[in-house]
Amino acid sequence: MGRYVIRRLLQAIPVLLGATFLIFAVVFALPGDPIGALAGDKRMDPAFAAVLREQYHLNDPLLLQYWHYISGVFQGDFGTTFSKVPVSELMAGKFQVTINLALTALVLEAVIGIGLGLWAALRQGKATDTAILAVTLLLISVPVLVTGFVLQLLLGVQLKKSTGIDFFPVAGAFDGWRSYLLPGFVLAGVSIAYLTRLTRTSLVETLRADYIRTAIAKGMPRRRVIGRHALRNALIPLITYLGADLGALMGGAIITETIFNLNGIGQQLYQSVYLREQPVVVGIVTILVLVYIVANLIVDLLYAVLDPRIRYE
Amino acid sequence: MSETTPAMPVTATAAVGSPPPPLAPETKPGYVEKPASLWSDAWYDLRRRPLFIMSSILIAVLVVMALFPSLFTSINPMDATTCQLSTARQPPSAAHWFGKDNLGCDVYARTIYGARISIIVGITTTIVTAMVGGLLGLIAGFAGGATDSVMSRVTEIFFAIPSILGALLILAVFRTGNVWTVMLALAVLAWPMTFRIMRAAVITAKSQDYVVAARALGAGSGRLMFRHILPNAVTPVIVVATINLGMFISAEAALSFLGVGIQSPDISWGVMISDARPRFLEAAGPLLFPAAFLSVTVLAFIMLGDAVRDALDPKLR
């Protein structure tokens, strides 16, 4: 087990370096002069500009710049923006918003996805099953861009207008956890559909197993057969799916953040790309890549915990 | 029960003159003479699926709309004189079915003309990623060893980068977004998925007896790859490509909405959604109509993908 973890972590290093270098090189290739842009419409004193360029290693070749950056990251230093704000400080606040959003989405995904999948599996082949599968097709097909605006209009604005109660506040992240409910659902949409389909398939398969027939044959109540025997075994692939999805939800949150005015990492990345703030852009992507790698590792290890037949060596 | 009982004697008497009823897959009408291949079997199966028929009709209409938008509307939205600022955000009427947008342009005509970019981006990106990812996957899976390891590590790097943020960065490098840069950004981030699927399929096909037999008969690498392995490994790639087509259309709209994709005066549903957004709460029409077309288009391609998958891969049913 320990050796497996170490091997996986070692394998993750080239992925991390490759991904950060790729992003670093892309930002390096961005058009425009970040130092000149600092002075706005005025002309910057050339001597001062030269000092700043030297300070941020902007005159160095790409590989050397990358080396300066990545050796800092491995010591926990993500650098500073051109306006002297530490990147880690800047990112902390933004990541808080995105993590809140992604976790809300993940909880909604787990509850609704597994619930609908369970319902469909128990009514397999009946009208309920067909209806649920049709809903998942719709959820997969309608882009976040569309669900976001439609739900914002219907549940965020019209519902408040007609009832006078603000069920789903949609004016940014100012109303505590409730302001994440609607955006979280919008973000989770496609994942809910996939999880529903996965739960249904997994449960239908498990219900065919011999131990389920044995449990029914010995007269165990139906609720217990499903809850204790079937669902627990069917859960294994679902948990791995949920774990791997966290990174995807965080990386894909930018559209949802834009629609609902949530000032998360997607928004920050968008701004920083235009200010050519290399450390911020690369920092955000580095953390997202880390989340992706660590989440996948945890999921693989969890697999062995949930299913004792799997051993890692 | 009530239906089958009277039907029995009818079939018994009619069986003399008419062909026997189809029982096993081998006796499907039209395929009695030659053995049914996977493709003819899949086509036979597809033609009978309501999901396939529905999505094909929708896609056919959308393709005609993309090729000849003037068949659907007499207004040319590329001509700025058709817009009247004084009629901005006019609600739908007999003359302007979907109303007017923030600049007083006809929303219906713009929505119709917007189909072209979505269809072009979707189809081209799908073909390019399937070709590039498929070819590299074929090479990696067939060659194995160090070639495979290096190529697989490279795709892992791409998998770790969140795709919408990566596309945003690539488009920012070009500064001006247009159809070409959007397709490039999407293809650069999407090929590893095709690669992975093709590679897995090739590795499975490689060890089959017919490949070993062909190799024993002296077939070279090229012949093995393209005549023996590729036809037997291409199915999963086609399935994923069809489903991805809808996703590319959705991604184009998302990037155009963020302002890095297609730019005005080009018309794309994402640009229309982005333009209508500031006054969305006063006039929802200019946003909701292109949004509805976008959703139906993506839905049509995903339904097609589902139908193709079910027909080509009976195991998943």
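Throughout, protein chains are lettered first and strands after them, A, B, ... in sequence-line order, and every chain is numbered starting at 1. Quick caveat: nothing in here was measured; it's all calculated off a predicted structure.
Remark: B:Met183 CE is packed, more than 12 non-hydrogen atoms of other residues, nucleotides or ligands lying under 6.0 Å away. The number of heavy-atom neighbours closer than 6.0 Å to CD of B:Gln263, taken from other residues, nucleotides and ligands shown, is above 12.
In this structure, A:Leu145 CG and B:Ile273 CD1 are separated by 4.0 Å, a value rounded to the nearest 0.5 Å. Atom CE of B:Met303 sits about 9.5 Å away from atom CG of A:Leu138, to the nearest 0.5 Å. Atom CG in B:Leu169 sits 5.5 Å away from atom CG in A:Leu269 (nearest 0.5 Å).
When all heavy atoms of B:Ala160 and A:Val289 are compared, the pair lying nearest together is O-CG2, 3.6 Å. Taking each heavy atom of B:Val298 and A:Pro143 in turn, the nearest pair found is CG2-CG, 4.3 Å. Here the closest heavy-atom approach between residue A:Leu22 and residue B:Ile157 is recorded as CD2-CG2, 4.3 Å. Summarising the geometry of B:Ile164 relative to A:Gly252, their closest heavy-atom pair is CG2-CA, 4.3 Å, with the distance given to 0.1 Å. Taking every heavy atom of both residues into account, B:Arg277 and A:Ile259 meet most closely at NH2-O, 3.3 Å. The minimum heavy-atom distance linking A:Ala19 with B:Ile161 is given by the pair CB-CG1, 4.0 Å.
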Would A:Tyr270 and B:Val260 count as a side-chain contact (heavy atoms from CB on, under 4.5 Å) here? Give the steps. CA-CA 10 Å; A:Tyr270 186 79; B:Val260 292; 4.1 Å; yes

Would you please test B:Phe257 and A:Thr258 for side-chain contact (heavy atoms from CB on, under 4.5 Å) and show each step? CA-CA 10 Å; B:Phe257 166 72; A:Thr258 310; 4.0 Å; yes

Go through the steps for A:Ile140 and B:Met247 under the test side-chain contact (heavy atoms from CB on, under 4.5 Å), then give the verdict. CA-CA 9 Å; A:Ile140 292 173; B:Met247 292 300 165; 3.9 Å; yes

Carefully, step by step, assess A:Val15 and B:Phe159 under the rule side-chain contact (heavy atoms from CB on, under 4.5 Å). CA-CA 9 Å; A:Val15 175; B:Phe159 266 108; over 6 Å; no

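Heavy atoms of A:Tyr292 lying under 4.5 Å from chain B belong exclusively to its side chain. Contacts of B:Ala284 with chain A are made by side-chain atoms alone, with heavy-atom separations under 4.5 Å and no backbone atom involved. For A:Val281, the part lying near chain B is the side chain, with the backbone staying farther off; criterion is any non-hydrogen pair under 4.5 Å. Using a 4.5 Å cut-off between heavy atoms, B:Leu299 contacts chain A through both its backbone and its side chain. Contacts of B:Leu287 with chain A are made by side-chain atoms alone, with heavy-atom separations under 4.5 Å and no backbone atom involved.
Ranked by non-hydrogen atom pairs under 4.5 Å with chain A, the options B:Ser250, B:Pro162, B:Ser295, B:Ser163 are led by B:Ser295. With chain A as partner, the option from B:Leu294, B:Ile302, B:Ile170 having the largest number of non-hydrogen pairs under 4.5 angstrom is B:Ile302. Per-residue heavy-atom pair counts under 4.5 Å with chain B were compared for A:Val273, A:Ile293, A:Ile254, and the maximum is reached by A:Ile254. Ranking B:Asp306, B:Val154, B:Ile249 against chain A, the residue ahead of the rest is B:Asp306, based on heavy-atom pairs under 4.5 Å. Per-residue counts of heavy-atom pairs under 4.5 Å with chain B were compared for A:Val144, A:Ile284, A:Leu153; the largest is that of A:Leu153.
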